[in-house]
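Reviewing the structure listed below.
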Amino acid sequence: MKQITLVTRKLKEDEKDFVLEYELISDSFPLEEGGGEYYGVIVRQFLLTGEDRQLYDSCQLLGFSESMEETEEFFYMLIDGEAMPVSLYELADDWKSAFCTHYHFAV
């Protein structure tokens with residue numbers, strides 16, 4: 001797995017200071033599965049206490065899409081909305097439901 005982009009945002013919630021870290025990653029399918037790249041997103045939330053920061057929550061979607069463009073668009077939407085790790089799976093499900101209506105499955 002390799003990091004493509006890392007973006008951090010500071011956030012204050014309920015009188016606590018947090019840092020949100022958004023990471024865009026890529027990885028490869030094994031050759032026996034046909035090879036190729038896939039992309040994902042990791043969201044981490046850190047609690048700031050003075051100069052220290054400790055991991056508060058995290059979530060990852062390692063195989064979000066084989067499309068870099070789709071994954072980047074989703075990634076920047078998360079950042080713009082200051083999405084928390086707890087909501088990552090629900091947001092991904094909503095994204096896929098709303099934007100993947102063009103797929104047709106053979107019966």
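- Residues E70 and W95 bring a donor and an acceptor atom of their side chains to less than 3.5 Å of each other.
- Taking Ile, Leu, Val, Met, Phe, Trp and Tyr as members and joining any whose side-chain heavy atoms lie under 4.5 Å apart, directly or through other members, the hydrophobic cluster of F29 also contains Y38.
- Contact record, S65 with T71: CB-OG1, 3.4 Å, taken as the closest heavy-atom pair.
- Applying the side chain to side chain contact (heavy atoms under 4.5 Å, CB included) test to M68 and every residue at least two apart in sequence or in another chain returns I4, L24, Y39, E72.
- Between L78 and V41 there is a side-chain heavy-atom pair separated by less than 4.5 Å.
- No donor-acceptor pair under 3.5 Å is formed between the side chain of K16 and the backbone N or O of L11.
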Listing, residues 53-62 side-chain donor-acceptor contacts under 3.5 Å, not counting sequence neighbours, or none:
residue: R53; atom: NH2; partner: E21; partner atom: OE2; Å: 2.9

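- Put simply, the side chain of D93 does not reach to within 4.5 Å of the side chain of Y89, judged on heavy atoms.
- A continuous path of Ile, Leu, Val, Met, Phe, Trp and Tyr side chains, each step under 4.5 Å between heavy atoms, connects L88 with I79, placing both in one hydrophobic cluster.
- A cation-pi arrangement is present between K96 and F64, with the terminal nitrogen or guanidinium carbon under 6.0 Å from the aromatic centre and inside a 45° cone about the axis.
- Pairs engaging residues 1-15 under the salt bridge (Lys or Arg N to Asp or Glu O under 4.0 Å) rule: K12-D17 [sequence neighbours left out].
- A side chain to side chain donor-acceptor pair (under 3.5 Å) check over residues 79-88, counting only residues at least two apart or in different chains, returns nothing.
- Considering only heavy atoms from C-beta on, F18 comes within 4.5 Å of L47 through its side chain.
- Every side chain to side chain contact (heavy atoms under 4.5 Å, CB included) that Q3 has, sequence neighbours left out, goes to L6, E23.
- Residues M84 and L91 are not in side-chain contact: their nearest non-hydrogen atoms beyond the backbone lie 4.5 Å or more apart.
- Using a 4.5 Å cut-off between side-chain heavy atoms of Ile, Leu, Val, Met, Phe, Trp and Tyr, with links allowed through other members, V43 and I25 fall into different hydrophobic clusters.
- Heavy atoms only, all atoms of each residue included: E37 and S28 are closest at OE2-OG, 2.8 Å.
- Residues F75 and V86 fall within the same hydrophobic cluster, defined by Ile, Leu, Val, Met, Phe, Trp and Tyr side chains chained together at heavy-atom separations under 4.5 Å.
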